[in-house]
Amino acid sequence: MSGGVGTYAAVDLGASSGRVMVGRVGSGTLELTEAHRFPNRPVRVPEGLRWDVLGLYTGVLDGLRAAGNVDSVGIDSWAVDHGLLDADGALLGNPVHYRDPRTDTVAEKVWATVPAAELYAATGLQYAPFNTLYQLVAARERRQFAQAERLLLMPDLLAYWLTGEQGTELTNASTTQLIDPSTRTWAHGIAERLGIDLGLFAPLRLPGDPAGMLRPEVLEETGLAGPVPVTAVASHDTASAVAAVPADGERFAYICTGTWSLAGLELEAPVLTEESRAANFTNELGLDGTVRYLRNIMGLWLLQECLRAWGEPDLGALLREAAGAPALRSVVDAGDTAFLAPGRMPERIAQACRASGQPVPDSPAATVRCILDSLALAHRTAVEDAQRLAGRTVDVVHVVGGGTRNALLCQLTADACGLPVVAGPTEAAAFGNVLVQARTQGRVGDLAGMRRLLAGTQPLTRYEPRGDTRRWEAARARLAER
């Protein structure tokens with residue numbers, strides 16, 4: 001199928017909200033509208049922190065109903081988390097949230113069997129306590145896990161409920177720490193040594209592969225006219241977002257901003273050196289054989305948690321006040337796992353400033369400025385380290401995702417990096433999702449063609465760097481002295 005304009009539903013699930021977006025794609029046409037948005041609120045129950053996956057599925061169905069007739073559906077979400085199914089295909093309990101503390105002490109047990117350096121050389125994944133591998137090791141002594149016959153990552157679980165068909169999309173599978181990024185297949189040796197049965201996973205599929213057809217019951221509930229295919233997209237939301245970076249050529253860095261900041265480069269091959277492991281860079285798989293070489297930074301989670309603690313004040317007013325606050329008065333390490341858990345974020349930021357001998361922010365606006373300065377500094381460090389470790393130089397930084405709405409953060413990132421920042425699109429993951437669906441039906445070309453279409457149709461904002469980057473280096477030195 002090619003020619004004309006196609007209509008596609010992108011189910012895009014973030015850590016704090018989900019949305020169903022409708023994209024229209026054709027020659028010179030790329031439009032995205034929101035059909036339905038719904039909250040994603042994790043639930044704390046006696047056994048720990050869990051995702052309300054039934055609430056998410058209801059939101060997806062409501063969104064497809066609001067979207068109207070479409071040519072295809074694609075689903076992307078956050079990484080690492082999953083549902084377990086029994087032999088009848090029924091879900092075994094609510095999926096565990098990656099911020100649940102069950103994995104806090106698991107890494108040391110894993111490294112006793114497979115040393116950290118060896119694990120990195122085989123899988124290319126940065127250390128994060130919530131990686132799927134650690135979740136599986138933490139879960140395997142539990143009765144529920146013993147009953148599991150199938151593990152589906154979150155987008156694949158929802159696609160299974162929509163279609164009745166099971167698969168494991170590769171870009172998301174690459175976040176499990178069970179994929180070899182060089183061969184782009186399962187790391188069988190690592191799994192065997194750790195006693196992880198890779199038979200739990202459904203067969204791998206690639207972005208663009210068919211993922212089934214909407215079941216008759218789904219068509220009836222949503223009112224859609226069938227048949228409607230579900231298309232595997234780059235189902236890790238960061239993979240979809242990077243696919244939607246409107247870059248020209250290779251000399252760019254990207255920062256996918258939202259609850260997390262994912263900052264790095266797009267490469268043709270993984271970087272598996274010990275120096276790369278020590279710098280905590282990850283090699284996740286992207287569209288068309290690319291590698292997302294990046295570092296995880298806490299991102300706007302720090303700000304979101306502060307706003308929650310303060311009773312959700314007017315963010316615009318806070319940002320205006322923060323813009324006039326003293327620059328780089330205090331900074332914290334925005335990659336510190338001490339900030340991973342929810343709750344008491346203003347107090348934890350104050351404590352980090354106190355522990356490093358810096359002034360403690362004395363107002364919400366001062367705390368916001370501390371957060372944004374700290375994020376910009378972390379962006380600078382990640383972009384510099386990625387270039388050094390990968391042996392690549394960049395001329396521009398593309399910022400995509402929710403952080404593009406934060407003009408102060410974008411400007412501070414340009415100032416810190418000493419490079420122009422091009423901000424947009426905001427709904428990058430949904431754009432990447434839609435474009436892969438459209439490409440599957442012949443309405444857009446290769447990855448470079450997708451990016452040209454984005455650059456030619458979407459509003460982008462350019463921020464030029466200001467001031468001397470040496471003050472950012474001085475701020476980084478203060479943190480290093482801790």
Side-chain angles (χ1 to χ4, degrees), residues 11 13 42-43 45-58 60-61 73 75 77-98 100 102-103 106 110 130-179 185-206 209-221 229-232 235-236:
V11 178
L13 303 177
V43 181
V45 291
E47 59 268 29
L49 194 61
R50 301 294 184 265
W51 292 107
D52 179 11
V53 68
L54 297 184
L56 291 176
Y57 185 58
T58 299
V60 170
L61 294 175
V73 177
I75 308 173
S77 86
W78 69 95
V80 305
D81 290 337
H82 52 273
L84 299 173
L85 306 181
D86 67 13
D88 295 323
L91 184 65
L92 291 165
N94 290 302
V96 180
H97 194 294
Y98 63 83
D100 185 87
R102 68 174 178 162
T103 58
V106 171
V110 169
F130 46 72
N131 287 347
T132 313
L133 181 150
Y134 300 126
Q135 293 195 34
L136 295 181
V137 172
R140 64 186 177 192
E141 303 302 325
R142 302 197 175 185
R143 184 180 305 173
Q144 186 183 82
F145 188 76
Q147 298 173 324
E149 295 288 334
R150 175 68 80 213
L151 182 156
L152 293 177
L153 297 167
M154 295 300 288
D156 300 320
L157 174 62
L158 295 170
Y160 166 60
W161 283 345
L162 290 175
T163 67
E165 297 193 19
Q166 299 177 357
T168 304
E169 192 278 317
L170 181 62
T171 68
N172 212 7
S174 74
T175 72
T176 63
Q177 208 159 15
L178 290 166
I179 289 283
T185 58
W186 294 112
H188 290 278
I190 294 296
E192 183 177 348
R193 289 168 63 184
L194 293 172
I196 294 172
D197 179 12
L198 290 175
L200 275 173
F201 291 87
L204 289 171
R205 55 193 179 197
L206 300 177
D209 284 351
M213 309 294 289
L214 292 185
R215 295 183 296 112
E217 296 86 351
V218 173
L219 292 174
E220 182 178 358
E221 185 162 356
V230 175
T231 302
S235 70
H236 182 201

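Side-chain contact between E192 and L198 is absent, with no heavy-atom pair separated by less than 4.5 Å. Taking 4.5 Å as the limit, some side-chain heavy atom of Q135 sits within range of a side-chain heavy atom of D81. Residues V110 and L133 form a side-chain contact, since some pair of their non-hydrogen atoms from C-beta on lies under 4.5 Å apart. Inter-residue side-chain proximity for L153 and H82 is flagged as met; some heavy-atom pair is nearer than 4.5 Å. Considering only heavy atoms from C-beta on, L136 comes within 4.5 Å of L178 through its side chain. The shortest distance between side-chain heavy atoms of L54 and L56 does not fall below 4.5 Å.
Between L204 atom CG and E169 atom CD the span is 9.0 Å, to the nearest 0.5 Å. A distance of 9.5 Å separates CD in E149 from CG in L92, rounded to the nearest 0.5 Å. In this structure, I179 CD1 and I190 CD1 are separated by 12.5 Å, a value rounded to the nearest 0.5 Å. Separation of atoms CD1 (I196) and CZ (R140) is listed at 6.5 Å; rounding is to 0.5 Å.
No more than 12 heavy-atom neighbours from other residues, nucleotides or ligands sit within 6.0 angstrom of CD on E220.
The minimum heavy-atom distance linking L206 with L170 is given by the pair CD2-CD2, 3.5 Å. Residues A232 and A211 come closest through the heavy atom pair N-CB, 3.9 Å. Heavy-atom minimum distance, G167 versus L152: O-CD2, 3.8 Å. Residue T168 comes nearest to A202 through the heavy atom pair OG1-O, 2.8 Å, listed as atom of the first residue, atom of the second, then distance. Across all their heavy atoms, W186 and A173 have their closest contact at CH2-CB, 4.3 Å. Minimum interatomic distance between G93 and Q144 (heavy atoms only, all atoms of both residues): CA-NE2, 3.6 Å.
Looking at residues two or more places apart in sequence or on another chain, you find a salt bridge (Lys or Arg N to Asp or Glu O under 4.0 Å) between R193 and E118. By the side chain to side chain donor-acceptor pair (under 3.5 Å) test, T231 is found to be paired with S72, residues two or more places apart in sequence or in another chain being considered. Under the rule for a ring-ring contact (aromatic ring centres under 6.0 Å, His included), the partners of F130 that lie at least two apart in sequence or sit in another chain are Y98, W260. For L219, the side chain to side chain contact (heavy atoms under 4.5 Å, CB included) test picks out L214, L224, V228, with sequence neighbours left out. R215 meets the salt bridge (Lys or Arg N to Asp or Glu O under 4.0 Å) test with E217; sequence neighbours excluded. In terms of the side chain to side chain contact (heavy atoms under 4.5 Å, CB included) criterion, residue partners of T175 (sequence neighbours excluded) are, by chain and number, A79, V80, N172, H236, E284. For D197, there are no side chain to side chain contact (heavy atoms under 4.5 Å, CB included) partners at least two apart in sequence or on another chain. Remark: T185 pairs with T183 by the side chain to side chain donor-acceptor pair (under 3.5 Å) rule, at least two apart or across chains. Under the side chain to side chain donor-acceptor pair (under 3.5 Å) criterion, Q177 pairs with N131, sequence neighbours left out. Legend: residues meeting side chain to side chain contact (heavy atoms under 4.5 Å, CB included) with E47, ordered by chain and number and at least two apart, are V45, R50.
Sequence neighbours left out, the pairs with a member in residues 154-166 that pass side chain to side chain donor-acceptor pair (under 3.5 Å) are R150-Q166.
With hydrogens and angles ignored, the 3.5 Å screen pairs a side-chain donor or acceptor of D86 with a backbone N or O of D88. Proximity of a side-chain donor or acceptor of D100 to a complementary backbone N or O of L49 within less than 3.5 Å is detected.
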Requested in this report: Show the numbers, then the answer: is there a side-chain contact (heavy atoms from CB on, under 4.5 Å) between L162 and I75?
Outcome: CA-CA 11 Å; L162 290 175; I75 308 173; 3.8 Å; yes
Query - Test log, rule side-chain contact (heavy atoms from CB on, under 4.5 Å), inputs L91 and L84 - result: CA-CA 6 Å; L91 184 65; L84 299 173; 5.8 Å; no
